[in-house]
Amino acid sequence: MRKTNIRKFITAALLSALLTGCAGNTAPDMEAVQTDLDAIAIPEQTRVVGLGEASHGVKEYQELKAEVFRTLVHHYGCRTFIIEGDFGNALKVDAYIHGGEGTAKEAAATIGFRIYRTREMADLLEWMRAYNETALAGEDLHFYGMDMQQADNSKDYLFGILRQIDPELTAEYEETFAFLNDDAIYDLSTDAFAEGMPEAEKLLKSVDERKEQIVEVCGSEAFEFARECANSIYNCCDIRKSNSEYNEVRDGHMAEKVHWFLEHGDGSLLFINGHNGHIARVNTSLYDCMGRQLAEDLGDGYFTIGTDARITTFNSQTDDGFTETTAKNKNDLNALAADVEGTRYYLDFQKASSCDGWEKLLSGTQRITSLNVGSLTLLKMFYTTKIVPNETFDGMILYDQVGPTTVEL
């Protein structure tokens, strides 16, 4: 056989294999994907749904928070949105969506990280506030935070409660923790945080000793949130007392926060949102992530969705603002996004597992995008990470291209 005929034969064979989809054990069957996120199916035993984002500073990922959350609210009775943001700060946001003063833009800025000062986040908060205006009693939405890298609003809530019981003691603690303020928190040494930990333990003990009085004056819910604000102050000192253990300690405390919300919530489904690296069911970096701990603790009660894009243009955070940066990372999964309507699709790994074409992609190694607020994009090794998709997430939402958020500083 001549070489030209051999080439024709090989080309025809490859095309035939691609067209046969799963039956040919080669290319995935695109009928396994869905583009309507309103139809996302969550297993009945799920208690927590985690949505990850491959990069902060991306418009589509911030819009996705709202889109997936609305689906969970309308179809699964979810009423609690928990973000990778400070616990005390988010209490201010929760007050806003329950009719509090200010604007959605101001509430978004209150979350604490500049990456959330966007039109997209403000739109979500406006929708939650509007929903609550007509929600039945007990069916209102809540906005909470599972992080604890800042302290001002945790102190503000806690001391506002404690002052009603013991003004003198409150004044003493205000002086003790004056060093722990958001304006200077990034300039403090690890020693300052280490020295603050025993004081935070004393604060927790003081709150516990006055539980009965606080409950009588302010109510049991106010006590529980005040105590968790005190715990957040301790957590803040704990995660910042060591640079080398920062990530692991932080994720451990975020997992504890999720359990706290499970314990103190109304039993409905929780929605949590953060970077892929926090949400993943297995560790994707050199520390023990929150998602792995939740997966171990909750088993099938934890359902997690990751994200990725072939081309990511995002707002990379600088010292004085943001700069638009683009990173490219094509893999077998995000490459397929260009072939669907809207260049975005959702894939439920359990549903796709019966298809050999998908199984090969999902059980093999893929390099996905992993950009942070100020990631280096010179070399792909700096902004990507290797995962086995069906071990890392329960599903993924894949994009062809994503763009930067609409920043509102």
Side-chain angles (χ1 to χ4, degrees), residues 33-42 48-72 81-84 115-116 118 120-121 124 271-282 284-285 289-291 295 302-316 325-340 342-349 352 358 361-362 366-373 375 377 380 383-405:
V33 312
Q34 64 184 74
T35 56
D36 180 11
L37 298 188
D38 190 55
I40 287 180
I42 304 299
V48 177
V49 173
L51 175 66
E53 51 189 38
S55 171
H56 297 311
V58 169
K59 176 183 177 68
E60 285 79 359
Y61 295 155
Q62 289 212 359
E63 292 175 335
L64 193 61
K65 306 177 200 292
E67 192 171 359
V68 173
F69 181 59
R70 282 195 293 266
T71 294
L72 298 179
F81 185 111
I82 304 173
I83 201 168
E84 183 189 339
I115 57 170
Y116 296 135
T118 66
E120 293 77 27
M121 181 57 67
L124 167 62
F271 173 76
I272 64 175
N273 172 249
H275 197 277
N276 275 344
H278 298 305
I279 298 296
R281 298 183 67 91
V282 298
T284 61
S285 299
C289 73
M290 173 189 68
Y302 183 54
F303 189 87
T304 178
I305 302 170
T307 57
D308 192 26
R310 181 179 64 87
I311 300 176
T312 301
T313 301
F314 68 109
N315 277 316
S316 179
T325 305
T326 298
K328 298 180 180 180
N329 176 47
K330 181 179 180 181
N331 57 46
D332 293 333
L333 295 174
N334 62 36
L336 297 170
D339 299 330
V340 299
T343 66
R344 176 195 74 176
Y345 72 90
Y346 171 65
L347 183 67
D348 185 310
F349 293 167
W358 283 112
L361 298 185
L362 300 181
Q366 299 286 342
R367 184 174 283 277
I368 67 170
T369 311
S370 183
L371 292 159
N372 215 310
V373 291
S375 297
T377 57
K380 190 172 288 189
Y383 65 85
T384 62
T385 186
K386 289 183 179 180
I387 68 164
V388 176
N390 62 9
E391 294 178 358
T392 309
F393 303 109
D394 295 295
M396 288 190 76
I397 299 172
L398 288 308
Y399 290 81
D400 180 47
Q401 299 184 46
V402 293
T405 50

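These numbers were taken from a predicted model, which means no experiment stands behind them.
The backbone N or O of L51 lies less than 3.5 Å from a partner atom in the side chain of N273, making a donor-acceptor pair. A donor-acceptor contact shorter than 3.5 Å is absent between the side chain of Y61 and the backbone of G52. Using modelled atom types, no side-chain atom of T326 and backbone atom of T313 make a donor-acceptor pair closer than 3.5 Å. Between the N331 side chain and the R367 main chain, a donor and an acceptor come within less than 3.5 Å of each other.
Once rounded to the nearest 0.5 Å, the distance linking CG of D394 with CZ of F303 reads 5.0 Å. Here R344 contributes atom CZ and L37 contributes atom CG; the two are 4.0 Å apart, rounded to the nearest 0.5 Å. In this structure, the separation between CD on E67 and CD on E60 is 11.0 Å, given to the nearest 0.5 Å. Interatomic distance, CD1 of I397 versus CG of L333, reported as 13.0 Å (0.5 Å rounding). A distance of 7.5 Å separates CG of N372 from CD1 of I115, quoted to the nearest 0.5 Å. Annotation: the span from L371 atom CG to E53 atom CD amounts to 11.0 Å, rounded to 0.5 Å.
Across all non-hydrogen atoms, the minimal contact from T369 to A54 is O-CB, 3.5 Å. Scanning all heavy atoms of the two residues, the minimum distance from F393 to I305 falls at CD2-C, 4.0 Å. Contact between T385 and S370 at its shortest, heavy atoms only, is CG2-CB, 4.1 Å. When all heavy atoms of P404 and N315 are compared, the pair lying nearest together is CB-ND2, 3.7 Å. Residues D38 and T71 approach most closely at CA-OG1, 3.5 Å, considering heavy atoms. When every heavy atom of A280 is checked against every heavy atom of C289, the shortest pair comes out as O-SG, 3.5 Å.
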Starting from the C-alpha separation in whole Å, work towards a yes-or-no answer on side-chain contact (heavy atoms from CB on, under 4.5 Å) for L347 and M396. CA-CA 6 Å; L347 183 67; M396 288 190 76; 5.7 Å; no
side-chain contact (heavy atoms from CB on, under 4.5 Å) between V58 and T312, worked out: CA-CA 8 Å; V58 169; T312 301; 3.8 Å; yes
Worked verdict on N276 versus T284 for side-chain contact (heavy atoms from CB on, under 4.5 Å): CA-CA 9 Å; N276 275 344; T284 61; over 6 Å; no
Could you check R281 against E391 for side-chain contact (heavy atoms from CB on, under 4.5 Å), going step by step and ending with a plain yes or no? CA-CA 7 Å; R281 298 183 67 91; E391 294 178 358; over 6 Å; no
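Counting heavy atoms from C-beta on, the side chains of F81 and L124 come closer than 4.5 Å. Using a 4.5 Å heavy-atom threshold, the side chains of Y302 and I279 count as touching. Between T325 and F314 there is a side-chain heavy-atom pair separated by less than 4.5 Å.
Checking Q62 against T405 by side-chain atom types alone, no donor-acceptor pair falls below 3.5 Å.
Results of the side chain to side chain donor-acceptor pair (under 3.5 Å) test with Q366 over D332, N329, T384, D308 single out D332 as the only residue that passes.
Using a 4.0 Å cut-off between charged nitrogen and carboxylate oxygen, K65 and E120 do not count as a salt-bridge pair.
Ring orientation note: the planes of Y345 and W358 are tilted relative to one another, at an angle of 30° to 60°. Between H56 and Y116, the two ring planes are perpendicular [angle over 60°; tilted spans 30° to 60°].
Heavy-atom neighbours of K380 NZ from other residues, nucleotides or ligands within 6.0 Å: above the threshold of 12.
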